[in-house]
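Naming: A, B, ... by sequence-line order, numbering from 1 per chain.
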Amino acid sequence: MSILSLTSEERIVTDSAARPVRTRFAPSPTGSLHIGGLRTALFNWLFARHHGGQFILRIEDTDQNRFDPTALTTLMEALRWAGLQWDEGPEINGPFAPYVQSERLAGYQQQAQWLVDEGKAYKCFCSSERLKQVNEAKTAKGEPSGYDRFCRHLTPVEVAEREAQGQKYVIRFKMPLEGQTVVQDAIRGETVFENNTQQDMVLLKSDGFPTYHLAHVLDDHAMQISHVMRAVEWFPSFPLHWQIWEAFGWEKPIFAHLPVLLNPNGKGKMSKRNPPKDKFGNIIPVMVHDYMRGGYLPEAMDNFLTNIGWNFGDEREFFSMAEAIERFDLTRINPANSAFPVEKLEWLNGEHIRALPMDELATRLRDVFETAGLTVRDEVLRQVAPLLQIRLKRLTDAVAIAGFFFRDEFTPPPPEHLIQKKMDAAQTQQALERSIAALAALTDFSHASQQAVLEPLTTELSLSNGQLFGVLRVAVTGQQVSTPLFETMEVLGQAESVARLELAQESLRDSIEKSVTNS
RNA sequence: GGCCCCAUCGUCUAGCGGCCUAGGAUGUCACCCUUUCAAGGUGAAGACACGGGUUCGAACCCCGUUGGGGCUACCA
């Protein structure tokens, strides 16, 4: 029965009832994890968790030319950061180990040979030079490029001769020459490919390593993968894969090709080669590690990625992964590619920061401050975290807003920053003087008592709250943008606060004298 | 070029033939609150790509056009 003839509800039942749900994420370790890769992994993980199945991590390292020994570690680090724990795979192992393809070579070679023996694949001795020539000739004639299947027609004797001479060969799949391959995709339904537009793709390279095409089919079968959810980039080779499954005669998994993440401007897919830029011209990171370092919460990242191409079901956009697991399914996946909505990530990250329990936020902020080279005192951190919670879009913003709490030496603000809107130097000077007197006299330096003496001062000096408190806040923090005044002084303490105010007074006096001298 | 996929506000999306005068979110703008910055509150502008069908009725189904995207390796 065709998937298309089922209603979506029947399809869900089929999905889950057919066999135990086992999904996999199968990256090739060529560097840090791409943000699109994380999303693919996330969808696979969510689906497996929803159905109480297994999520497998498999490493597709069959390209020796792109081997990067540090990549695997980096990759696992990114997945773990995002909370995507795998049930089977590197470091965990499991019943189908090894989960690294370079350690499964013998199997691929055997199966490739089996296909050759069965007449479903053939050895190809063509050199890369000849392949190139064939391609050039075809393009020159305006034909689609591709291999001309020369070796498909070699006689057994000819093959034997070349092998005897020790000629290198690859194994190519014998794609049917006529007819159609009708593939089923859980998201797109049925697609018909004409076989005469297809290629005899390489299954086993001349170095004895399999290509993706061969390796993934073998492994998905061996590892009993029930659902293959991968990026749409694979869709064009889907008919090939379909035919390989048919050639082996195995039961196929259900396939779901996930839409690709496009640049925020919608032009082309997200790539590190051509890094996208936001409206200010800043580069938008493509690698998960940049987000890890950039002050983003994994909770926010997961939430954000889950919202692209999939929908929670009601109008909520802010949710936890536990909630997403309850609802995740294939039917609500949107087949259309989508631009990467960066501004939404900023917003969601802020929302998740605000949702964090205070001591959890403090813990994460400690990390951020320490990474910035600051020495964090617990007592201060505990008091500063609540001041930051509503002000952060990214954790790393904390350094600019509140880093001064953890710096030993204080850099006073330039005098011109002290003077607030519609004020002059003399008024500012007076405001500082009166405030110092009032604050120094306090025996209790709490938020409330500060307010009790400073608020009446505004009327006396004919200043607005914004003006008076602005002068003091800049004086005490050294910054124009900072945590609020009373809370800040409370953390700093009376002695330090007053000292800083006096410092401001001095610098202001100096600058007034200087300008008098100059004129 | 060839093959394939896709198409609702700038962007992410809801919508599965009548609940649509098209809903939400984000972003933008305005106002309120306010001790800077935020957060919060209120409001505004903003979309069914186009053309044909089918139907009593179409954002929704069909065809075409246009536009966008993916692929086009002994990479995955």
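Residue Glu317(A) has its side chain nearest to G24(B) when only G24(B), G70(B), U35(B) are considered. Side-chain proximity of Ser145(A) to A14(B), A73(B), A76(B): nearest is A73(B). Which of A76(B), A39(B), U36(B) sits closest to the side chain of Arg473(A) comes down to U36(B). Of the listed nucleotides (G70(B), C74(B), A25(B)), C74(B) has the atom at the smallest distance from the side chain of Lys205(A). Ranking A38(B), C75(B), G23(B) by closeness to the Ile390(A) side chain, first place goes to A38(B). Distances were taken from every side-chain heavy atom of Lys393(A) (C-beta onward) to each of C74(B), A14(B), A39(B); the shortest belongs to A39(B). Here G1(B) is the nucleotide among G27(B), G1(B), G69(B) with the atom lying nearest to any side-chain atom of Pro144(A). When distances are taken from the side chain of Arg391(A) to each of A38(B), C4(B), U35(B), the shortest belongs to A38(B).
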Side chains of residues 32-43 of chain A: which donor-acceptor partners sit under 3.5 Å, not counting sequence neighbours?
unit_1   : atom_1 : unit_2    : atom_2 : d
Ser32(A) : OG     : His289(A) : ND1    : 3.0
His34(A) : ND1    : Gly36(A)  : N      : 2.8
His34(A) : NE2    : Met270(A) : O      : 3.0
Arg39(A) : NH1    : Ile308(A) : O      : 2.9
Arg39(A) : NH2    : Pro259(A) : O      : 2.2
Thr40(A) : OG1    : Gly36(A)  : O      : 3.1

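Between U35(B) and Asn465(A), a contact under 4.0 Å exists linking OP1 or OP2 to a side-chain N or O. A sub-4.0 Å separation between OP1 or OP2 of C74(B) and a side-chain N or O of Arg172(A) is present. Taking side-chain N and O atoms only, Lys269(A) has a distance below 4.0 Å to OP1 or OP2 of C71(B). Under 4.0 angstrom from either OP1 or OP2 of A73(B) there lies no side-chain N or O belonging to Thr211(A). Contact check, Lys132(A) against A73(B): no side-chain N or O comes under 4.0 Å of OP1 or OP2. Taking side-chain N and O atoms only, Thr62(A) has a distance below 4.0 Å to OP1 or OP2 of A76(B).
Between Arg327(A) and Glu323(A) there is no salt bridge, since no side-chain N of the basic residue sits under 4.0 Å from a carboxylate O of the acidic one. Using a 4.0 Å cut-off between charged nitrogen and carboxylate oxygen, Glu129(A) and Lys132(A) do not count as a salt-bridge pair.
Here the straight-line distance linking atom CZ of Phe340(A) with atom NZ of Lys269(A) works out to 15.5 Å at 0.5 Å rounding.
When the P atom is compared between G69(B) and C9(B), the two are found 16 Å apart, to the nearest whole Å. Only the P atoms considered, C33(B) is 15 Å distant from U42(B), to the nearest whole Å. Rounded to whole Å, the separation between the P atoms of U35(B) and G46(B) comes to 35 Å.
Heavy-atom nearest nucleotides on RNA chain B were determined for Glu455(A) and for Pro335(A), and the one closer to the 5' end corresponds to Pro335(A).
With 3.5 Å as the limit, one finds no donor-acceptor pair spanning the side chains of Thr488(A) and Arg473(A). Neither side chain, Asp63(A) nor Tyr212(A), offers a donor N or O lying under 3.5 Å from an acceptor on the other.
Within the nucleic acid shown, Gly350(A) has no heavy atom closer than 4.0 Å to any nucleic acid atom. Among the heavy atoms of the strands lying under 4.0 Å from Pro210(A) are primed sugar atoms or P, OP1, OP2 only; no base atom is included. Nucleic acid contact for Gly466(A): sugar-phosphate only, since backbone atoms but no base atoms lie under 4.0 Å from a heavy atom of the residue.
Residue Leu485(A) contributes atom CG, which lies 16 Å from atom C1' of A38(B) at whole-angstrom precision. Rounding to whole angstrom units, CG of residue Leu472(A) and P of U35(B) are separated by 13 Å. What separates CG of Asp397(A) from P of A38(B) is a distance of 11 Å, to the nearest Å.
Put simply, the residue from Lys120(A), Arg172(A), Arg149(A) that forms a salt bridge (Lys or Arg N to Asp or Glu O under 4.0 Å) with Asp200(A) is Arg149(A).
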Practice task
Check the pair Asp219(A) / Tyr108(A) against side chain to side chain donor-acceptor pair (under 3.5 Å), numbers first and verdict last.
Solution key: CA-CA 9 Å; Asp219(A) 287 341; Tyr108(A) 307 127; 2.6 Å; yes
Quick one: which protein N/O atoms are closer than 3.5 Å to N/O atoms of nucleotides 9-11 of chain B? Pair and distance per line, please.
unit_1 : atom_1 : unit_2    : atom_2 : d
G10(B) : N2     : Glu343(A) : OE1    : 3.4

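Considering every non-hydrogen atom in both Phe410(A) and Ala475(A), the closest pair reads CZ-O, 3.3 Å.
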